[in-house]
Amino acid sequence: MLQQINAIRGTKDFLPDEIHKLRYIEKTAVSVSERFGYYEMRTPVFEHTELFSRGVGDTTDVVQKEMYTFNDKGGRSITLRPEGTAGAARAFLEHGLFNEALPQKIFYLASCYRYEKPQSGRWREFRQFGVECFGSPTPFADAEVITLACVFFNDLGISNLQLEINSLGCPKCRKDYQKALYDYFISHKGSLCATCLDRLERTPLRILDCKSPVCGDISALAPVALDYLCCDCSEHFFKVKECLDATQVKYTVNPHIVRGLDYYTRTVFEFVSTDEKTKGLVCGGGGRYDGLLEELGSTSIPACGFGIGVDRTLLVMEAQEITFPEKSAVDIVIAATDDTSRLKAAFIADSLRYKGYAVIIDIMDRSLKAQMKFANKTGARYTAVIGENEIKSDFVELKNMKTGTKTEITISDFTNDFTDALLSDFD
RNA sequence: GUGGAUGUAGCUCAGUUGGUUAGAGUGCCAGGUUGUGGCCCUGGAGGUCGUCGGUUCGAAACCGAUCAUCCACCCCA
């Protein structure tokens, strides 16, 4: 026997048994997006590596150590997308969507790839529901994408999710803030952990995010970005909060949120699970990225958006024991007793399928009893047995599998409108 | 990338201080008479005990390596 080949580390199979859950989440994402006037865009899974190193940022962990990068046969450096925004922004620019009526509001459902050590809620291939609003500088846009995310989680019946928001300011005020931060941390240089010492020169903002108790204590007293916002940024943040209040979206301001992607300016936010079983899991995050499109070679175009982890959302829903719509069941199983009847059963099944019903017949050459058992397992609503007697008499019994009651009809009636009336009676 | 736990039938797990042909429940398949599911009864298939190497007369059990899963950190979706 040859050795079996298993799935790649950090990837996950969704089997027929649970795929309806994923579909339900995706369907909800589409529905919510369209209710806000966001339309789907699909971009390739791989892009030029440079798109991410320039867009997401060279200093980020994602770009530095988590990307699936390889050279294709033409010698191009290619990267499997680690997130969705860069590709969407690239497509927006490449196809000149900025010439259309602004804002351009986009959503996508995309698999993303990051080379990380896997654990539950963290996979090397994961699905992301993302939304991007290109062209609007106003706080109403920030609030709109946040509200959209809230409606999404609400539609799915998810509770115990905390929305945390913050403002990182624009490049102008961030500069002042970073200097203040640097000065503060340099005075505590002796106490910081090794990773944070490394961050000090590179990206001092991220020290605020450190979970080590010592750094946490130091961070707690560190200067807060919100205190360093310039007038414009300060007003923008105030209005975002005002909009959220208007739509009754609940949030807490967390001055320590620092997103891991470089392109964010001003508003940033995260949805964090507060549920016992999935505590601390970040289900989604986003913010404003007014500098990204310029970084990708365009004129300055403001934008904002978010990414929500579909798999993580599923994880939280399962932990909260939320009921999903049932997977679609088979309408009718047509069992047959002998080879001649099998042909007749196949004919009837096909006629019904043309009419739109889900019909299955036995293709395992099983006994009638086994066919009935199988029908039961598939959750079929009705069964019908075709045999010598039925073919002779032209009558067939349609059995309701829930109640066990049988209704006699002619075979020709079976495939015409009479069936519609009969089947629609089912509760 | 760092630290820790785990790895026995498709699934959930037993397996006594290392000792004959490795177990249960569940699922799967087939029967319980001649053409009808769910319950019950009977039987069957299915495991080189994650993999490789070592210790031993003998290893699922002990040791090492490796792979995988999970947890914490890191990071984020």
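Below, chain A is the first sequence line, B the second, and so on; all start at residue 1.
- The side chain of A/Lys377 has B/rC28 as its nearest neighbour among B/rG32, B/rA30, B/rC28.
- Checking B/rG1, B/rG38, B/rU36 against the side-chain heavy atoms of A/Arg122 singles out B/rG1 as nearest.
- Atoms CG (A/Asn389) and P (B/rU34) sit 14 Å apart, rounded to a whole Å.
- Counted within 6.0 Å of CZ on A/Arg353, heavy atoms from surrounding residues, nucleotides or ligands total more than 12; the atom is thus considered enclosed.
- With B/rA77, B/rA72, B/rA68 as the candidates, the nucleotide lying closest to the side chain of A/Arg312 is B/rA77.
- For A/Asn376, counting side-chain heavy atoms from C-beta on, the closest listed nucleotide (B/rA77, B/rG37, B/rU69) is B/rG37.
- A donor and an acceptor atom sit less than 3.5 Å apart, one in the side chain of A/Lys399 and one in the base of B/rG37.
- Salt-bridge formation is detected for the pair A/Lys277/A/Glu321: a Lys NZ or Arg NE/NH1/NH2 atom is positioned less than 4.0 Å from an Asp or Glu carboxylate oxygen.
- Spacing of C1' atoms, B/rC74 relative to B/rC11, comes out at 34 Å, to the nearest Å.
- Remark: A/Lys327 engages A/Asp17 in a salt bridge, criterion side-chain N to carboxylate O under 4.0 Å.
- In this pair, A/Phe129 and A/Phe152 present their aromatic rings tilted. The plane angle is within the 30 to 60° band.
- The partner of B/rU2, taking Watson-Crick or G-U wobble pairs whose two distances both stay under 3.5 Å, is B/rA72.
- Residue contacts shown for A/Gly130 are absent, as no nucleic acid heavy atom lies under 4.0 Å away.
- Remark: B/rG7 base-pairs with B/rC67. Criterion, Watson-Crick or G-U wobble with two distances under 3.5 Å.
- Within the shown strands, nothing qualifies as a pairing partner of B/rG18 under the Watson-Crick or G-U definition with both distances less than 3.5 Å.
- In this entry the distance linking CZ of A/Arg127 with P of B/rA77 reads 16 Å, nearest Å.
- Under the Watson-Crick or G-U wobble criterion, with both distances below 3.5 Å, B/rU34 has no partner in any strand shown.
- A/Arg266 approaches A/Cys233 most closely through the heavy-atom pair NE-SG, 3.3 Å.
- The base-pairing partner of B/rA60, taking Watson-Crick or G-U wobble contacts with both distances under 3.5 Å, does not exist among the strands shown.
- Comparing the P positions of B/rA14 and B/rA72 gives an interatomic distance of 23 Å, to the nearest angstrom.
- Rounding to whole angstrom units, CD of residue A/Glu66 and C1' of B/rC74 are separated by 9 Å.
- At B/rU69, one or more side-chain N or O atoms of A/Arg9 fall inside 4.0 Å of OP1 or OP2 (strictly under the cut-off).
- Projected onto RNA chain B by closest heavy-atom contact, A/Ile308 and A/Lys279 fall at different nucleotides, the more 5' of which corresponds to A/Lys279.
- Put simply, the side chain of A/Glu116 and the base of B/rA77 share a donor and an acceptor less than 3.5 Å apart.
- If you take atom C1' in B/rU56 and the same atom in B/rA45, they sit 35 Å apart, rounded to whole Å.
- Taking atom CD of residue A/Glu390 and atom P of nucleotide B/rU36, one finds them 12 Å apart after rounding to whole Å.
- Contact annotation: side chain of A/Lys117 to base of B/rG3, donor-acceptor pair present below 3.5 Å.
- Of the nucleotides present, B/rA24 is the one that pairs with B/rU12 by Watson-Crick or G-U wobble criteria, both distances under 3.5 Å.
- With both ends at atom C1', the span from B/rA9 to B/rU26 equals 11 Å, rounded to whole Å.
- Nearest to the side-chain atoms of A/Val282 among the listed nucleotides B/rG37, B/rA72, B/rC76 stands B/rC76.
- Comparing the C1' positions of B/rC39 and B/rG32 gives a spacing of 14 Å, expressed to the nearest Å.
- For A/Arg23, the CZ atom counts as loosely surrounded, since its 6.0 Å shell holds 12 or fewer non-hydrogen atoms of other residues, nucleotides or ligands.
- Whole-Å rounding puts the A/Leu368 CG to B/rG35 C1' distance at 5 Å.
- Pairing partner, B/rC39: none, since no Watson-Crick or wobble contact has both distances short of 3.5 Å.
- With respect to the salt-bridge test (charged N to carboxylate O, under 4.0 angstrom), the residues A/Glu125 and A/Lys12 do not qualify.
- Taking only side-chain atoms of A/Met401, from C-beta outward, the nucleotide of B/rG37, B/rC71, B/rG35 with the closest atom is B/rG37.
- Below 30°, between 30° and 60°, or above 60°: for A/Tyr115 and A/Tyr68 the angle between ring planes is above 60°, a perpendicular geometry.
- Of the two residues contacting RNA chain B, namely A/Arg124 and A/Thr11, the nearest-nucleotide position lying further toward the 5' end is that of A/Thr11.
- When rounded to the nearest whole Å, the span between CG of A/Leu15 and C1' of B/rC11 equals 12 Å.
- Considering only side-chain N and O atoms, A/Ser367 lies nowhere under 4.0 angstrom from the phosphate OP1 or OP2 of B/rA30.
- The C1' atoms of B/rC52 and B/rC71 are separated by 27 Å, rounded to the nearest whole Å.
- Within the 4.0 angstrom heavy-atom criterion, only backbone atoms of the sugar-phosphate kind lie near A/Gly10; the bases stay farther away.
- Across all strands, A/Gln371 comes closer than 4.0 Å to no nucleic acid atom at all (heavy-atom distances).
- Look at A/Arg42 and A/Glu40 and you find a salt bridge, because one of the NZ, NE, NH1 or NH2 atoms lies within 4.0 Å of a carboxylate O, short of that distance.
- Using a 4.0 Å heavy-atom distance criterion, A/Glu388 is classed as a base contact.
- Nucleotide B/rC49 forms a pair with no other nucleotide shown, judged by Watson-Crick or G-U wobble geometry with both contacts under 3.5 Å.
- With distances taken from any side-chain atom of A/Gln128 to the nucleotides B/rG1, B/rA77, B/rU69, the minimum falls on B/rA77.
- Counting any heavy atom pair closer than 4.0 Å across all strands shown, A/Lys373 reaches sugar-phosphate atoms only and no base atom.
- If you take atom P in B/rG15 and the same atom in B/rC62, they sit 13 Å apart, rounded to whole Å.
- As rounded to whole Å, 21 Å separates atom P of B/rC76 from atom CD of A/Glu125.
- Distance, A/Met372 CE to B/rG38 P: 9 Å, rounded to whole Å.
- A/Cys112 comes within 4.0 angstrom of no nucleic acid atom, judged by non-hydrogen atoms across all strands.
- Here, B/rG47 and B/rG31 have their P atoms 23 Å apart, quoted to the whole Å.
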